[in-house]
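These notes are about the structure you will find just below.
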Amino acid sequence: MTIMKQNAIRHLLQSTDFDRPVVVQGWVRNRRGSKSVAFVHLNDGSCLANIQVVVNVEEFAEEIIKKIAVGACLEVEGKLLASQGSEQACEVLAEKLVILGEADPEKYPLQPKAHSLEFLREIAHLRPRTATFGAIFRIRHHLGFAVHQYFHERGFFYWQSPIITASDAEGAGETFRVTTLPLAQMPKNETGAIDFTQDFFGREANLTVSGQLEAELGALGLGLVYTFGPTFRAENSNTTRHLAEFWMIEPEMAFYDAKDNQDLAEDFLKYLIRFVLTHCSEDLAFLEERFQKENSQKKKEEQSEMGLIEKLRFVLENEFVRISYTEAIDILQASPYHKKKKFKFEVKWGIDLQSEHERYLVEKHFRKPVILFDYPKEIKAFYMKQNEDGKTVRAMDILFPGIGEIVGGSQREEVLEKLQARTDALGLTQNLWWYLETRRFGTAPHSGFGLGFERLVQFVTGMGNIRDVIPYPRSPQSADF
RNA sequence: UCCUCAGUAGCUCAGUUGGUCAGAGCGGCGGACUGUUAAUCCGUAGGUCGUAGGUUCAAGCCCUACCUGAGGAGCCA
């Protein structure tokens with residue numbers, strides 16, 4: 001066993017060192033040919049493209065030939081040759097064939113043709129074998145890798161916030177309970193309530209809805225940290241951009257103010273997009289084709305004016321628009337949409353912006369990513385830094401066309417008295433004593449944000465449904481595989 | 001959770017006002033073809049029409065409930 005296998009199809013396809021013996025292993029994507037010669041397209045996941053294996057049928061046992069069906073796994077020993085066909089540069093002339101795994105053609109559900117994404121979602125265990133999902137997950141990998149590279153190069157430290165937390169305090173959504181208590185007969189205390197002192201942790205525990213509060217503790221010691229891990233929300237949301245289990249990236253930076261925070265977020269997003277444009281051009285080109293096809297079938301008013309790659313370049317080459325919440329309200333109120341009463345929800349200072357408002361700003365008015373900042377404090381979380389005006393907090397949301405909010409963040413309140421006034425009002429002070437202590441001892445201005453990893457993958461791959469950019473999506477009523 | 005739409009063969013879908021309406025393409029299977037490119041050509045087998053009730057002489061089609069899926073809203077990343 002070699003540590004670094006050199007027979008990946010990705011490597012072979014780039015090779016011009018012909019007439020040498022090679023071994024390829026992969027799954028049959030397609031097979032065709034005549035009585036005497038069969039052309040088998042093999043894919044091993046190392047890249048989008050298949051390698052063509054030429055099989056002179058007479059040279060092999062009928063038993064073997066029969067088993068070369070779509071979906072079967074093969075090991076082929078043969079010779080790498082310059083291809084006689086026009087669609088590929090090289091091919092493998094088979095000398096020895098081993099069927100590593102059969103696939104009964106009457107039962108194997110994937111065919112060499114386009115399947116609906118809904119159908120593929122039902123067979124999520126097999127969809128990594130399709131061209132589309134191969135491309136998506138290779139890009140997902142590259143994005144994840146780029147996240148670490150970006151932060152590492154800039155002196156950030158990878159920080160692991162806990163996945164199980166006993167503080168149900170973030171207020172970011174409904175939580176999943178973690179318990180070892182017997183569901184059939186939960187122990188009760190004198191008041192009749194469930195006695196969590198008998199539970200595993202001796203108290204109530206949940207899966208995390210955000211690693212932010214713990215990341216702040218890291219930043220107030222290590223300076224620059226980021227988390228990148230799974231996050232769980234038990235919201236009953238059924239949309240194309242929500243999951244019950246998703247991955248979030250949360251950088252947290254000591255001595256960064258709101259402006260530094262915005263600069264970092266914009267630079268970070270552009271870096272990630274540039275990384276994929278540089279390293280995933282083959283997969284992107286494939287997804288582009290798919291994107292264009294899908295786009296042309298949409299209604300005129302829903303069609304994207306730009307292609308996928310064009311859209312990514314556009315984001316790279318343009319500065320994000322940065323406006324305050326107050327300015328955004330002004331723009332919305334002055335808009336023709338507002339005058340024609342096309343908004344379903346009223347627009348006035350103090351409201352939480354609705355999807356239709358965000359979409360108008362991003363897709364109609366500015367037509368590029370928008371950073372909104374300085375929101376009314378009533379509609380934002382308790383930990384956000386309060387502005388001098390007494391009305392707003394230093395929140396920031398980054399809105400992208402098509403997917404809405406991709407980043408949410410803020411400068412954090414570092415003044416103990418102001419922060420505690422908020423936790424007092426919400427009854428969180430006792431639970432968050434450790435969080436408050438960071439403000440009591442050597443407090444420091446700091447900022448951070450959360451980036452929804454799947455939403456980023458959605459934007460980069462052009463996939464409309466978030467369930468198609470994570471290997472095993474979890475959503476209400478659905479946790480198969 | 002709310003609103004809207006959909007569920008017919010393995011997949012993608014057609015099925016007109018309820019009355020030969022159980023259909024097509026792809027895939028599968030059988031055959032033809034010495035180099036194909038989601039190959040082509042000929043032949044063939046697949047379906048309690050999501051589930052349960054109801055209306056009717058008669059239901060894939062109408063009504064009710066439920067299940068599943070999709071899209072939109074809310075929540076947010």
Side-chain angles (χ1 to χ4, degrees), chain A residues 29-41 49-50 52-59 66 69-71 81 83-88 91 93 103-123 130-131 170-174 209-212 227 230-250 265 298-299 302 344-345 352-356 358-359 379-381 397-400 403-409 449-459 464-470 475-478 480:
Chain A
R29 283 288 175 80
N30 195 8
R31 176 206 167 161
R32 56 182 171 267
S34 64
K35 194 179 195 173
S36 57
V37 62
F39 300 97
V40 180
H41 279 191
N50 305 317
Q52 174 159 283
V53 175
V54 182
V55 179
N56 287 316
V57 174
E58 281 102 349
E59 294 172 18
K66 257 193 140 164
V70 173
L81 298 174
S83 179
Q84 294 173 35
S86 57
E87 309 270 316
Q88 60 277 318
E91 61 192 18
L93 180 66
D104 183 345
E106 302 217 27
K107 290 178 184 148
Y108 187 65
L110 292 170
Q111 307 163 20
K113 70 160 200 172
H115 287 99
S116 70
L117 294 171
E118 291 82 3
F119 173 65
L120 293 172
R121 237 169 265 156
E122 288 169 17
I123 51 168
T130 64
E170 290 91 338
E174 294 295 311
V209 293
S210 161
Q212 180 204 316
T227 72
T231 309
F232 307 88
R233 306 234 172 126
E235 301 287 348
N236 192 6
S237 21
N238 293 286
T239 78
T240 53
R241 53 192 192 286
H242 287 90
L243 290 165
E245 176 184 295
F246 65 100
W247 288 64
M248 189 151 62
I249 298 141
E250 295 172 292
K298 282 186 185 164
K299 286 185 228 148
E302 286 168 17
K344 231 171 125 187
F345 294 88
D352 208 351
L353 294 178
Q354 304 289 323
S355 278
E356 57 174 359
E358 296 181 348
R359 293 184 77 130
I379 60 173
K380 286 294 182 184
D397 283 359
I398 302 184
L399 310 176
F400 264 33
I403 45 178
E405 188 179 339
I406 195 167
V407 162
F449 60 84
L451 167 67
F453 187 56
E454 282 74 19
R455 288 191 182 171
L456 175 72
V457 182
Q458 256 189 295
F459 183 75
N465 193 316
I466 200 165
R467 289 163 215 169
D468 295 328
V469 298
I470 186 167
S475 56
Q477 299 301 311
S478 170
D480 287 334

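Lettering of chains follows the sequences in order, A, B, ..., and the numbering in each one begins at 1.
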| How is A/Gly85 classified with respect to the nucleic acid when contacts are heavy atoms under 4.0 Å: base, sugar-phosphate, or nothing? | base

| task | Classify the nucleic acid contact of A/His115 as base, sugar-phosphate or nothing, counting any heavy atom under 4.0 Å across all strands shown. | result | sugar-phosphate

| Going by a 90° cut-off around 0, is B/G46 syn or anti? | syn

| message | Mind checking if A/Phe39 touches a base, just sugar-phosphate, or nothing, with heavy atoms under 4.0 Å? | response | base

| N or O in side chain of A/Ser116 less than 4.0 angstrom from B/U12 OP1/OP2 | yes

| Between A/Arg359 and A/Glu118, which has a closest nucleotide on RNA chain B that is more 5'? | A/Glu118

| query | Hey, does the side-chain of A/Arg233 have a donor or acceptor N/O within less than 3.5 Å of a partner on the base of B/A77? | reply | yes

| task | May I ask whether A/Phe453 stacks on the base of B/A77, given the cut-offs of 5.5 Å between ring centres and 30° between planes? | result | no

| note | For B/U44, the nucleotide meeting Watson-Crick or G-U wobble distances (both under 3.5 Å) is B/G28

| query | Does a nitrogen or oxygen in the side chain of A/Ser237 sit under 4.0 Å from OP1 or OP2 of B/U1? | reply | no

| Between B/A77, B/A70, B/G35, which nucleotide gets closest to the side-chain atoms of A/Arg121? | B/A70

| message | At 4.0 Å (heavy atoms only), tell me whether A/Glu91 reaches a base, stays on the sugar-phosphate, or touches nothing. | response | base

| Phosphate OP1/OP2 of B/G72: any A/Thr240 side-chain N/O under 4.0 Å | yes

| said: If I pick the C1' atom on B/G19 and the same atom on B/U1, what distance separates them, to the nearest angstrom? | reply: 43 Å

| Mind checking the P distance from B/G7 to B/C49? Whole angstroms is fine. | 14 Å

| query | At under 4.0 Å between heavy atoms, what does A/Asn238 touch on the DNA or RNA strands: base, sugar-phosphate, or nothing? | reply | base

| task | Check whether any side-chain nitrogen or oxygen of A/Asn50 sits under 4.0 Å from OP1 or OP2 of B/A38, and answer yes or no. | result | no

| said: Is A/Arg31 close enough to B/A38 that one of its side-chain N or O atoms is under 4.0 Å from OP1 or OP2 there? | reply: no

| request: Heavy atoms under 4.0 Å is the rule here; annotate nucleotides 27-32 of chain B 5' to 3' with B where the base is hit, S where only the sugar-phosphate is, and - elsewhere. | output: SSS---

| task | Could you name each residue pair satisfying side chain to side chain donor-acceptor pair (under 3.5 Å) that touches residues 103-115 of chain A, not counting sequence neighbours? | result | none

| task | Would you mind classifying the nucleic acid contact of A/Asn30 as base, sugar-phosphate or nothing, using non-hydrogen atoms under 4.0 angstrom? | result | sugar-phosphate

| query | Considering only the P atoms, how many Å lie between B/A52 and B/C67, rounded to the nearest integer? | reply | 15 Å

| field | P spacing across the pair B/G46 / B/G10, given as an integer number of angstrom | value | 12 Å

| field | Span that lies between the P atom of B/G28 and that of B/C75, in whole angstrom | value | 48 Å

| task | Any chance you could lay out the side chain to side chain contact (heavy atoms under 4.5 Å, CB included) test for A/Lys344 and A/Glu356, step after step, and finish with the verdict? | result | CA-CA 8 Å; A/Lys344 231 171 125 187; A/Glu356 57 174 359; 3.7 Å; yes

| request: Considering only atom P, compute the distance from B/U40 to B/G72 and round it to an integer number of Å. | output: 36 Å

| With a 3.5 Å cut-off and just heavy-atom distances, do the side chain of A/Glu87 and the base of B/G35 make a donor-acceptor pair? | no

| By side-chain contact (heavy atoms from CB on, under 4.5 Å) - contacts of A/Glu59 (at least two apart) | A/Asn56

| remark: Of the listed B/A77, B/G74, B/A38, the closest approach to the A/Gln354 side chain comes from B/G74

| Pairwise side-chain contact, A/Leu120 with A/Thr130, heavy-atom cut-off 4.5 Å (strictly under) | yes

| message | Over all strands shown, is A/Ala38 touching base, sugar-phosphate only, or nothing at heavy-atom distances under 4.0 angstrom? | response | nothing

| field | Integer angstrom distance from the P of B/C26 to that of B/C42 | value | 10 Å

| query | Is the distance from OP1 or OP2 of B/U34 to the nearest side-chain N or O of A/Ser34 less than 4.0 Å? | reply | no

| request: Take A/Lys344 and A/Met248, find for each the nucleotide of RNA chain B with the closest heavy atom, and name the residue whose nucleotide sits nearer the 5' end. | output: A/Lys344

| said: For a quick check of understanding: with a heavy-atom distance under 4.0 Å over all strands, which category does A/Val407 fall into, base, sugar-phosphate or nothing? | reply: sugar-phosphate

| message | Please classify the nucleic acid contact of A/Ile406 as base, sugar-phosphate, or nothing, using heavy-atom distances under 4.0 Å. | response | sugar-phosphate

| task | Check every strand shown and say whether A/Gln88 touches a base, only sugar-phosphate, or nothing at a heavy-atom separation below 4.0 Å. | result | base

| field | Between B/A24 and B/A9 - C1' atom distance, rounded Å | value | 11 Å

| task | Look at all strands and tell whether A/Gln52 reaches a base, only sugar-phosphate, or nothing, counting heavy atoms closer than 4.0 Å. | result | base

| OP1 or OP2 of B/A70 less than 4.0 angstrom from a side-chain nitrogen or oxygen of A/Arg467, does that happen here? | yes

| query | When all nucleic acid strands are considered with a 4.0 Å heavy-atom cut-off, which category describes A/Arg29: base, sugar-phosphate, or nothing? | reply | nothing

